[in-house]
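Just below is one structure, and these are the notes that go with it.
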Amino acid sequence: MTPSDAEDNRWSDLDRPPLNGASLRRTLLRDGGLWSSLDVVAATGSTNSDLAARADELPEGAVLVAEEQSAGRGRLDRRWSAPARSGLFFSVLLKPSEVPIERWGWLPLLTGVAVATGLSRVAGVDTALKWPNDVLVTVGDQERKAGGILAERAGSASGGGIVIGVGLNVTLREDELPVPTAGSLALAGAKVTDRDPLLRAVLRSLEQWYADWRSASGDPTASRLQETYAAGCATLGRQVRAELPGDRALEGEAVAVDGDGRLILATKEGMQEPVGAGDIVHLRPAG
């Protein structure tokens, strides 16, 4: 085997076997279910960008998974990268046409709940959600970011929808962390790091939460989404500083997530100020 052959060998890292696309399709694609297609690619720039470019032609429930992304993005086009097959990097296309558009802002929060629920069932690791789009795990005595969620409108008003991307560090080692505040399921002591059952669990959880939310016409109270998100949100009860565009900032205690998915801050002036995910640049601990 030549050096180039070794580099191309999908099994060159035995601790990180490739996903089994055929098996995933057999277990996740079913008549009457949400997921309509599931493709696994070795590498791409961004699964969100790829699905968004085809949002009009693809049916709802298309899933695109990449073993590696070269141009993964977070909120505000922040770069996100990880070694090949070290995590779950995927996007889904949803078209909740019967839900009022003003309630679509709940979809990234719903995805966070679904990810946390699925991981709890299979990986046996406690997770928490940092508003608006981070998945946290505990490594030692530190709270670290193990995943992120990015939702983007895509396609035309008549045929498009919303693409939701998830990036989750699974087997990332300490020496591979992009920043010291990053983490992974393995570093958090997960009992399962096989990505196939993890992805199945997350997608099944997302299907169930989405069905409940959609059947309630996107009502976060009737679908129990608002209360479940609040119960798992590590941001609530903490003093935070919301950095806003134009070098503005707002400090206060995060006291609630309102019916529109906004974070409510109780300021020292006695005001309750809502902050929307689209308005925020950074959310950090106060002080």
Side-chain angles (χ1 to χ4, degrees), residues 1 3-21 24 40-50 63-91 111-112 115-116 118-120 122-130 133-150 164-203 234 282-285:
M1 180 181 290
S4 60
D5 289 335
E7 291 173 1
D8 292 337
N9 186 349
R10 297 175 67 210
W11 289 88
S12 59
D13 188 340
L14 296 179
D15 291 330
R16 291 172 175 165
L19 290 164
N20 188 329
L24 289 167
V40 179
V41 297
T44 190
S46 161
T47 55
N48 257 36
S49 297
D50 291 349
V63 181
L64 179 62
V65 190
E67 297 284 26
E68 183 178 18
Q69 290 190 114
S70 60
R73 294 174 289 116
R75 291 182 62 248
L76 305 179
D77 280 334
R78 298 181 183 121
R79 289 296 304 274
W80 187 91
S81 63
R85 304 187 304 279
S86 66
L88 292 175
F89 322 124
F90 67 94
S91 298
T111 303
V115 170
L119 293 180
S120 176
V122 174
V125 63
D126 288 333
T127 59
L129 301 171
K130 177 187 173 185
N133 69 325
D134 291 346
V135 179
L136 307 176
V137 295
T138 300
V139 180
D141 60 353
Q142 294 182 329
E143 198 173 66
R144 298 194 192 178
K145 177 179 175 178
I149 296 160
L150 177 66
I164 302 177
V166 176
L168 181 69
N169 297 331
V170 177
T171 60
L172 212 63
R173 300 182 288 266
E174 195 78 43
D175 63 347
E176 295 174 316
L177 298 176
V179 293
T181 54
S184 69
L185 298 186
L187 291 174
K191 66 181 182 182
V192 173
T193 56
D194 184 338
R195 293 178 304 140
D196 283 86
L198 292 174
L199 181 57
R200 285 197 298 268
V202 168
L203 287 174
H282 288 290
L283 187 73
R284 307 185 188 279

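Computation of the quantities below employed the complete heavy-atom set of this structure, encompassing side-chain atoms and omitting hydrogens, waters and symmetry-equivalent molecules. Residues take their numbers from the sequence shown, with the count starting at 1.
In this structure, the separation between CG on Leu88 and CG on Leu198 is 6.0 Å, given to the nearest 0.5 Å. Taken to the nearest 0.5 Å, the CG atom of Asn169 stands 8.0 Å off from the CG atom of Leu185. Rounding to the nearest 0.5 Å gives a distance of 10.0 Å between CG of Leu283 and CG of Asn133. Rounding to the nearest 0.5 Å places CG of Leu187 at 12.0 Å from OG1 of Thr138. Note that CD of Gln69 and OG1 of Thr44 are 7.0 Å apart. Values are rounded to the nearest 0.5 Å. One finds the CD1 atom of Ile149 at 7.0 Å from the CG atom of Leu129 (value rounded to the nearest 0.5 Å).
Lys191 approaches Val122 most closely through the heavy-atom pair CE-O, 3.5 Å. Of all heavy-atom pairs spanning Glu68 and Ala84, the tightest one is OE1-CB, 3.7 Å. Minimum interatomic distance between Leu172 and Pro83 (heavy atoms only, all atoms of both residues): CD1-CD, 3.3 Å. In terms of heavy atoms, Ala82 sits closest to Phe89 at CB-CZ, 3.9 Å. Here the closest non-hydrogen pair linking Lys130 and Leu136 is CB-CD1, 3.8 Å. Closest approach of Gly165 and Ser91 over heavy atoms only: CA-OG, 3.5 Å.
Not counting sequence neighbours, the partners of Asp134 by the salt bridge (Lys or Arg N to Asp or Glu O under 4.0 Å) test are Lys145. Shown here are the side chain to side chain donor-acceptor pair (under 3.5 Å) partners of Arg200, two or more places apart in sequence or in another chain: there are none.
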> Where do Leu119 and Leu168 land on the side chain to side chain contact (heavy atoms under 4.5 Å, CB included) test, with the steps shown first?
Replying inline: CA-CA 11 Å; Leu119 293 180; Leu168 181 69; 3.8 Å; yes
> Would Val115 and Val166 count as a side chain to side chain contact (heavy atoms under 4.5 Å, CB included) if you check the C-alpha gap in whole Å, the side-chain angles of each, and the deciding distance to 0.1 Å?
Replying inline: CA-CA 9 Å; Val115 170; Val166 176; 4.3 Å; yes
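A donor-acceptor contact shorter than 3.5 Å is absent between the side chain of Gln142 and the backbone of Val139. Remark: the backbone N or O of Arg16 is not paired with any side-chain donor or acceptor of Arg195 at under 3.5 angstrom.
No more than 12 heavy atoms of other residues, nucleotides or ligands shown are found within 6.0 angstrom of CG on Asp126.
In summary, of the residues considered (Leu64, Thr47, Leu199), a side chain to side chain contact (heavy atoms under 4.5 Å, CB included) with Phe90 occurs for Leu199 alone.
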